[in-house]
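Chain identifiers are assigned alphabetically (A, B, ...) following the order of the sequence lines, protein sequences preceding nucleic acid strands; residue numbering begins at 1 within each chain. The model shown is predicted, which means the values in this text are computed figures rather than measured ones.
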Protein chains: 2
Amino acid sequence: MFKEEQIIKICKQNKWRLTEPRLEVLRIISHSKNPIKAYDILKKLANKIKNPKPPTAYRAIQFWQKHNFVHRIESLNAYQACSHGHSHAGAQFLICDDCGKVIESNLHEIPEILKKNTENKTFKPLRWNLEINGLCNQCS
Amino acid sequence: MFKEEQIIKICKQNKWRLTEPRLEVLRIISHSKNPIKAYDILKKLANKIKNPKPPTAYRAIQFWQKHNFVHRIESLNAYQACSHGHSHAGAQFLICDDCGKVIESNLHEIPEILKKNTENKTFKPLRWNLEINGLCNQCS
DNA sequence: TTTTTTATGTAATAATATAACATACAATAT
DNA sequence: ATATTGTATGTTATATTATTACATAAAAAA
Ligand SMILES: [Zn+2]
Ligand SMILES: [Zn+2]
Ligand SMILES: [Zn+2]
Ligand SMILES: [Zn+2]
């Protein structure tokens, strides 16, 4: 997981505009223990900026998604900070059905498997998302 | 992909009630070339039964999902008929970014990889969903 | 400074999904 | 056959998730 400082630095280096709603949304997602939903982000955002509306939250989320600091957990409609550096073509998540914890796990074998299994089908993989449901060690 | 006859048979064998909305929804999903969205299913359903409401569609979709004849493509909010037999713990989908085609692909290696990579993390995987975006052979 | 690009504020609405409760139907037991 | 029970549907309303559209503001570039 990135510290705020590092992220600020990376944004400066890349000339990405780090505005107030963006920064606050990143903080909210980063500080959330489990994946957080857009409207919960919006609620928390109301503590920081005046009367924010959905587009404000969604735009900021999209910004961080685009730069790979935040992932969307599709099966949960929720967002979580990236824990593996800010750029990778594929992501794997271990989702605990009991406590809701989501562990981002880089299974490095996946990419090769994808290549092998898709080349012969002549499908060209560009990115992927693997969501694995089960029970975490706390809960099983 | 299952023929309607086979599905009717399987339902009888298992004493699953095959009602009109269920059968029509299955037909709509099965006959759709690409994954189809709930409200598009609902629209088509209106040609078959009188003035159906969202719960009618969603309940039928859920029924088929539960019995693994239909999958939800999470990143598309859309539903597609299973093409690999009516029960498996994990599913893999190749999604063409260009034409929208979704190929259900059973990469048999995945389960072992999951086991290997999650045992040492003591996460117990129960089911998984892998969505791979890219370009199909028609489009690349 | 002017122009252009990018981001935000705001209102409205679209798209996706479920809750709640009444009614109908099917399966089972008497 | 009839009563009882469980399951499915019909219907209204509402919750949840996300985007469109357009005006304003701020930053970057010319
Ligand atoms: Zn990540
Ligand atoms: Zn857990
Ligand atoms: Zn399948
Ligand atoms: Zn294609």
Side-chain angles (χ1 to χ4, degrees), chain A residues 7-8 11-29 32 34-67 69-80 100 131, chain B residues 7-8 11-29 32 34-67 69-80 100 131:
Chain A
I7 291 174
I8 291 172
C11 284
K12 272 187 185 155
Q13 285 170 350
N14 290 280
K15 300 190 180 174
W16 298 334
R17 282 164 65 181
L18 188 46
T19 60
E20 199 192 357
R22 286 177 179 171
L23 185 55
E24 295 299 348
V25 164
L26 179 68
R27 282 177 178 154
I28 290 164
I29 296 173
S32 175
N34 284 355
I36 182 168
K37 288 172 165 266
Y39 277 73
D40 293 331
I41 293 171
L42 187 58
K43 267 182 229 154
K44 286 189 182 294
L45 194 56
N47 301 327
K48 299 293 176 179
I49 71 179
K50 199 198 107 195
N51 195 20
K53 302 291 188 306
T56 300
Y58 279 104
R59 285 165 180 159
I61 294 166
Q62 268 192 29
F63 172 83
W64 295 116
Q65 276 194 275
K66 186 173 70 187
H67 295 304
F69 288 108
V70 162
H71 298 301
R72 177 182 158 84
I73 314 301
E74 296 287 353
S75 61
L76 300 175
N77 294 348
Y79 304 87
Q80 177 162 297
E131 299 186 10
Chain B
I7 290 175
I8 291 172
C11 285
K12 273 188 185 155
Q13 284 170 349
N14 289 280
K15 299 190 181 175
W16 298 332
R17 282 163 66 180
L18 187 46
T19 60
E20 200 192 356
R22 287 177 178 171
L23 185 55
E24 296 299 349
V25 164
L26 178 69
R27 283 176 177 154
I28 290 164
I29 297 173
S32 175
N34 284 355
I36 183 169
K37 287 171 166 268
Y39 277 73
D40 293 331
I41 293 170
L42 188 58
K43 267 181 230 153
K44 285 189 182 295
L45 194 56
N47 300 328
K48 298 294 178 179
I49 72 179
K50 201 199 103 195
N51 195 19
K53 302 291 189 303
T56 301
Y58 280 104
R59 284 165 179 159
I61 294 167
Q62 267 193 29
F63 173 83
W64 295 115
Q65 275 193 276
K66 187 173 69 187
H67 296 305
F69 289 107
V70 162
H71 299 300
R72 177 181 158 84
I73 314 300
E74 296 286 353
S75 61
L76 300 175
N77 293 349
Y79 304 87
Q80 177 163 297
E131 299 187 10

> Of A:Glu20 and B:Arg72, whose closest DNA chain C nucleotide lies nearer the 5' terminus?
Replying inline: A:Glu20
>> If you compare every side-chain N and O of B:Tyr79 against the phosphate oxygens of C:dA17 (OP1, OP2), does one of them come in below 4.0 Å?
In response: yes
> The side chain of A:Pro21 lies closest to which of these nucleotides: C:dG9, D:dT12, D:dA26?
Replying inline: C:dG9
> Under the 3.5 Å rule, do the base of C:dA14 and the side chain of B:Tyr39 count as making a donor-acceptor pair?
Replying inline: no
> Of B:Lys50 and A:Lys37, whose closest DNA chain D nucleotide lies nearer the 5' terminus?
Replying inline: B:Lys50
>> What is the separation between atom CZ on B:Arg17 and atom C1' on C:dT28, rounded to the nearest whole Å?
In response: 12 Å
>> In whole Å, I'd like the distance from the CG atom of A:Leu18 to the C1' atom of C:dT8.
In response: 15 Å
> Can you tell me how far C1' of C:dC25 sits from CD1 of B:Ile49, to the nearest Å?
Replying inline: 15 Å
> So what does A:Pro52 touch, heavy atoms closer than 4.0 Å: a base, only the sugar-phosphate, or nothing?
Replying inline: nothing
> Hey, does A:Phe63 reach any base, or is it just sugar-phosphate, or nothing, if we go heavy atoms under 4.0 Å?
Replying inline: nothing
> Can you tell me how far P of D:dG10 sits from CZ of B:Arg22, to the nearest Å?
Replying inline: 11 Å
> Quick one: A:Tyr58 OH to C:dA11 C1', roughly how many Å, whole number?
Replying inline: 16 Å
> Are OP1 or OP2 of C:dT8 and a side-chain N or O of A:Thr19 less than 4.0 angstrom apart?
Replying inline: yes
> Separation of A:Ile41 atom CD1 from D:dA18 atom C1', in whole Å?
Replying inline: 13 Å
> If you find the nucleotide of DNA chain D closest to B:Asn77 and the one closest to B:Asn51, which residue's nucleotide is nearer the 5' end?
Replying inline: B:Asn51
>> Classify A:Lys15 by what it touches in the nucleic acid, base, sugar-phosphate, or nothing, heavy-atom distance under 4.0 Å.
In response: nothing
> Under 4.0 angstrom, heavy atoms only, what part of the nucleic acid is B:Arg59 near: base, sugar-phosphate, or nothing?
Replying inline: base
